[in-house]
Amino acid sequence: MIKAVNGGMVSKLLENTPIPKMFHARQTFPAERIAPEEIAGTVAKELGQEAFASLIQPGMRIAITAGSRGIRNVDIITKAIVDFVKSRGARPFIVPAMGSHGGATAKGQLEVLAGYNITPETMGCPIKSSMEVVELGYSRRKRLVAIDKNAYEADGIIVSCRLKPHNAFRGPYESGPCKMMTVGLGKQVGASVVHGDGMDVIAENIPSMAEVVLEKAKILLAIPCMENAYDETWKIEAILAKDILEREPKLLKMAFSNMPRLIVGEGDVLVVDEVGKNYSGTGVDPNITGTFSTPYATGGIQVQRTCFLNLSKESHGNALGVGLASAITNKIFEDMDVEKMYPNCITSTVLASARIPCVVANDKEAIQICIKTCNKIDPENVRVVRIPNSLHIGEIMLSEAYYEDVKAGKYPGVEALDEPMELEFDKEGNLVTKILMTDNGPSSGRR
């Protein structure tokens, strides 16, 4: 029986492990953004340029991609694209472009989009969800290239996505239009091929397969968005199909420069309040947390132990990424749906993310087991970093060990908001103390 028992032997072994006092802190990053009310105008301005607008003619059936990631303002961005296409007299429809996510089923992918407020009613156009693909041919690396059948049969395809660093590999093309064309629009078949050679080769598969999509499918343009360190829309840029392969690497460099981070850099224990597919493909963004599923990417905070406390509702049971934690709670374990997790895992060929770590009864024990099993640390000055999730790190909590250094300015960009205090837990052992979400200073990426 995996389920932890509250009050059992594990609880007894952990009950005397002290948890340090913690204080609320704010991290400040460059905060340039596009306000939600300005997004529709920005999209219209980009697509309204003659080079793009002229591609969309009256009566054309235009497929618009929508993915599974928790992109800020994704419903506003998608609706703005739909509305522009309509304004040109064309007939838009949305295609889920998320590889094997949503349990690798058409219904599951509709559920994922609905969780982001993307439905036929909110968007004002049909959503055509299917796992059926059309084979386009083979890449120069001799890999099969496939594309969603509904998108292929449209008169044109607009690739809408987020452009950002990937969480498992490095290359000129990571998460962006090329990946959306090959993995997202490739559905389970395409995603499986892209990942099939291993994460050390995926950086070669994506652009070589994207070349085939650009040649054989009716890609009109891409309109990726990029986000600032506060998970806010920062840049939206339309790119002609012929320019995608040249422009995407330049935008990726810009995305890297705008990435958030945990400024303290290192610690003993990282506590993540909530994980899920709406935050990252592996529950948390390892570029923040350091919990990489492969050896082909590095970065993030350096700690000995990491615990995850809750799974987001938006994940629909897909707890992929828990295998990268040192410990999780019963809450997460009971919410897990392996039918949602394993298709993604099988497709990517990366199994580490789906392994089961230590399962404990509650939040308090998850933190305690991490502290107790750290080696060669100062028990009187345990360095604990707590974040709400990997997207929203404008406000965090730090343990008392960091306090004097923060006050002394050792970590530029980190400000103490109060003094260290004991964390509060309810009678079930779950956290009551919240991470502050203030309205002072830059927006903290609140949803």
Side-chain angles (χ1 to χ4, degrees), residues 26-49 52 64-81 84 116-118 158-167 172-180 184 221-239 243-244 246-263 278-281 284-288 299-300 387-396 412-413 437-447:
R26 178 183 295 123
Q27 300 196 123
T28 302
F29 304 101
E32 182 182 352
R33 67 171 185 144
I34 303 172
E37 61 271 19
E38 299 171 345
I39 288 174
T42 301
V43 170
K45 183 178 179 181
E46 285 293 307
L47 296 181
Q49 299 173 73
F52 302 101
I64 301 167
T65 64
S68 55
R69 302 304 189 206
I71 301 172
R72 189 68 178 265
N73 302 313
V74 66
D75 55 337
I76 302 175
I77 294 170
T78 306
K79 181 66 162 56
I81 299 170
F84 182 84
Y116 299 139
N117 195 38
I118 297 177
I158 294 177
V159 180
S160 175
C161 62
R162 178 174 58 193
L163 196 155
K164 67 182 288 292
H166 197 270
N167 57 27
Y173 307 87
E174 296 187 16
S175 290
C178 286
K179 184 169 180 283
M180 184 62 107
L221 60 99
I223 183 162
C225 66
M226 300 165 65
E227 296 176 346
N228 64 19
Y230 297 99
D231 179 38
E232 298 173 315
T233 307
W234 163 62
K235 184 178 179 64
I236 297 173
E237 179 177 316
I239 313 169
D243 298 327
I244 291 174
E246 178 185 358
R247 183 60 176 162
E248 183 173 333
K250 296 175 182 177
L251 291 177
L252 180 61
K253 290 180 180 179
M254 295 171 64
F256 264 106
S257 69
N258 274 276
M259 279 194 66
R261 61 191 176 93
L262 292 169
I263 296 172
N278 53 317
Y279 301 123
S280 174
V284 293
D285 186 343
N287 294 299
I288 304 298
I387 62 175
N389 53 67
S390 64
L391 280 184
H392 307 149
I393 59 171
E395 282 87 22
I396 63 175
M437 290 294 193
T438 68
D439 291 323
N440 299 321
S443 172
S444 60
R446 298 176 297 280
R447 287 197 179 276

Requested in this report: Kindly compute the distance separating CG (Asn228) from OG (Ser257), expressed to the nearest 0.5 Å.
Outcome: 11.0 Å
Report summary line: Nearest heavy-atom approach of Cys178 to Tyr173 is SG-CD2, 3.8 Å
Report summary line: Closest non-hydrogen atoms of Phe52 and Leu47, given as atom of the first, atom of the second and distance, are CB-O, 3.5 Å
Query raised in the report: Who are the side-chain hydrogen bond (donor to acceptor under 3.5 Å, both in side chains) partners of Asp243, not counting sequence neighbours?
Result: none
Query raised in the report: Measuring from Glu227:CD to Ile236:CD1, what's the distance to the nearest 0.5 Å?
Result: 10.0 Å
Query raised in the report: Going from CD1 on Ile64 to CD1 on Ile118, what distance comes out if it is rounded to the nearest 0.5 angstrom?
Result: 10.5 Å
Query raised in the report: Looking at Arg72 and Tyr230, what are the two nearest heavy atoms and their distance?
Result: NH1-O, 4.1 Å
**Report entry** Partners passing salt bridge (Lys or Arg N to Asp or Glu O under 4.0 Å) against Glu246 (at least two apart in sequence or in another chain)
**Finding:** Lys250
Report summary line: In this structure, CG of Asn287 is separated from CZ of Arg261 (nearest 0.5 Å) by 13.5 Å
Report task. Taking all non-hydrogen atoms of both residues into account, name the closest pair between Leu391 and Asn278 and its distance. Result -> CD1-O, 3.8 Å
Report task. Quick one: list whatever passes side-chain hydrogen bond (donor to acceptor under 3.5 Å, both in side chains) with Ser68, sequence neighbours left out. Result -> His101
Report task. Applying side-chain contact (heavy atoms from CB on, under 4.5 Å), run through Phe29 and Ile263 and close with a yes or a no. Result -> CA-CA 10 Å; Phe29 304 101; Ile263 296 172; 4.0 Å; yes
**Report entry** Exercise: identify the closest heavy-atom pair between Ala255 and Met226
**Finding:** N-CE, 3.4 Å
Report task. Give, for atom CG of Asp231 and atom NE2 of His392, the distance between the pair rounded to the nearest 0.5 Å. Result -> 4.0 Å
Query - Qualifying residues under side-chain contact (heavy atoms from CB on, under 4.5 Å), relative to Pro172, sequence neighbours excluded - result: Pro249
Query - Residues forming a salt bridge (Lys or Arg N to Asp or Glu O under 4.0 Å) with Glu237, sequence neighbours excluded - result: Lys235, Arg247
Query - Results of salt bridge (Lys or Arg N to Asp or Glu O under 4.0 Å) for Glu248 - residues two or more places apart only - result: none
Requested in this report: Applying side-chain hydrogen bond (donor to acceptor under 3.5 Å, both in side chains), name anything that partners Ser280, two or more places apart in sequence or on another chain.
Outcome: Asn167
Requested in this report: With sequence neighbours left out, write down each residue that passes side-chain contact (heavy atoms from CB on, under 4.5 Å) with Pro30, or none if nothing qualifies.
Outcome: none
Requested in this report: Locate the shortest heavy-atom distance separating Cys161 from Met180; write the atom from each residue and the value.
Outcome: CB-CE, 3.7 Å
Query raised in the report: Taking only residues two or more places apart in sequence or in another chain, which ones pass side-chain contact (heavy atoms from CB on, under 4.5 Å) with Ala222?
Result: Val159, Pro177, Pro224, Ile244
**Report entry** Set of residues satisfying side-chain hydrogen bond (donor to acceptor under 3.5 Å, both in side chains) with respect to Lys164, sequence neighbours excluded
**Finding:** Asp285
Report summary line: When rounded to the nearest 0.5 Å, the distance separating CD1 of Ile288 from OH of Tyr279 is 14.0 Å
